[in-house]
Amino acid sequence: MTHMDIELARGDITTWTVDAIVNAANHTLLGGGGVDGAIHRAGGRAILQECRLLRADRYADGLPTGEAVATTAGKLPAHWVIHTVGPTWAKTKDKSGLLRACYRNSLAVADEISATTIAFPLISAGVYRWPKEDAIVQALTTLRDTPTSVSTATLVLYDEATHRLAEQVAARLD
Ligand code: AR6
């Protein structure tokens, strides 16, 4: 187990050249909006076909929140897509354990498939409405605290404001 570098970047994760990119998917694994839609659009039908097989076999009831599973990446520059399902934000219920599980289980899947470079979107911070600052705290602290053989994890922020916020949070956590 070596030390993992954690990097912040701004951009579209579908363009990332890494061993694995993580998809903020939903239980169905059959696509949706946000980064999920972008990954399936850019990756082509091969990803969807593998997702359908996973649904027919291992995940007949859907992928549970917090778990992660890999498919190949179709036409994307990455080799793998690790699909995980973030929790929806709820004011009255602390689901941060499930959000942290997404990062932890995605790293565990990366280890299983021997991916050493991985890029994450900010899971749950879009359609699932998790407040961005706390989503960044959960992401960075979980990545920092999870033992893994991954050498570099990049948190890819889609817009400049979120990227700036992530830089500020990272400086504070240092
Ligand atoms: N590259 C990087 N980040 C992106 C991209 C991209 N191409 N597109 C969006 N983001 P979301 P969630 C950012 O909504 O909240 C889907 O319908 C976005 O700005 O993609 O976990 C699924 O099927 C935000 O900061 O995921 C589920 O039903 C972050 O990615 C549901 O949305 C996550 O936003 C999952 O919702």
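For ligands, and for the atoms within them, numbers begin at 1 and follow the listed sequence. Small disclaimer: the values here were computed from a predicted structure and weren't measured.
- From the protein, the heavy atom lying nearest to atom 7 (N) of ligand 1 is D12 OD1, 2.9 Å.
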Residues T116, D19; criterion side-chain hydrogen bond (donor to acceptor under 3.5 Å, both in side chains); working and verdict: CA-CA 7 Å; T116 61; D19 292 338; 3.2 Å; yes

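- Taking every heavy atom of G32 and a limit of under 4.0 angstrom, the matching atoms of ligand 1 come to 17 (O), 23 (O).
- Looking at N26, I39, L157, it is N26 that brings a heavy atom closest to atom 23 (O) of ligand 1.
- Ranking the protein heavy atoms by distance from atom 1 (N) of ligand 1 puts I13 N, 3.0 Å first.
- In terms of protein heavy-atom proximity, atom 21 (O) of ligand 1 is nearest to S124 N, 2.8 Å.
- For ligand 1, the atoms closer than 4.0 angstrom to any heavy atom of G11 are 1 (N), 2 (C).
- In this structure, the side chain of E7 does not engage the main chain of A153 through any donor-acceptor pair within 3.5 Å.
- No donor-acceptor contact under 3.5 angstrom links the side chains of D12 and T15, judged on distance only.
- When only non-hydrogen protein atoms are considered, atom 29 (C) of ligand 1 lies nearest to L122 O, 3.2 Å.
- The protein heavy atom nearest to atom 16 (C) of ligand 1 is G33 O, 3.4 Å.
- Checked options T141, D134, T142; the residue passing with Q138 is D134 (criterion: side-chain hydrogen bond (donor to acceptor under 3.5 Å, both in side chains)).
- Ligand 1 lies nowhere less than 4.0 angstrom from a heavy atom belonging to A135.
- A donor-acceptor contact under 3.5 angstrom links the side chains of T71 and H83, judged on distance only.
- Between the side chains of T88 and K95, at least one donor N or O lies within less than 3.5 Å of an accepting N or O.
- Residue D36 approaches ligand 1 through these ligand atoms, each under 4.0 Å from one of its heavy atoms: 22 (C), 23 (O).
- Protein heavy atom at the shortest distance from atom 26 (O) of ligand 1 is A24 CB, 3.7 Å.
- Separation of atoms CG (N105) and CD (E67) is listed at 6.5 Å; rounding is to 0.5 Å.
- Judged by distance alone, the side chain of T14 and the main-chain N or O of I39 form no donor-acceptor pair under 3.5 Å.
- The shortest N or O to N or O distance between V127 and ligand 1 is below 3.5 Å.
- Close N/O approach between D159 and ligand 1 is not found [any backbone or side-chain N/O within under 3.5 Å].
- Among all non-hydrogen protein atoms, the one lying nearest atom 20 (O) of ligand 1 is V35 N, 2.8 Å.
- For the pair G86 and ligand 1, no heavy-atom separation below 4.0 Å is found.
- Between W89 and W130, the ring-plane angle classifies as perpendicular under the 30° and 60° cut-offs.
- Among protein heavy atoms, atom 15 (O) of ligand 1 sits closest to G126 N, 2.8 Å.
- Under 3.5 Å, the side chains of D111 and T148 contain a donor-acceptor pair of N or O atoms.
- For K132, no nitrogen or oxygen atom sits less than 3.5 Å from a nitrogen or oxygen atom of ligand 1, counting backbone and side chain alike.
- Between R10 and E167 there is no salt bridge, since no side-chain nitrogen of the basic residue lies less than 4.0 Å from a carboxylate oxygen of the acidic one.
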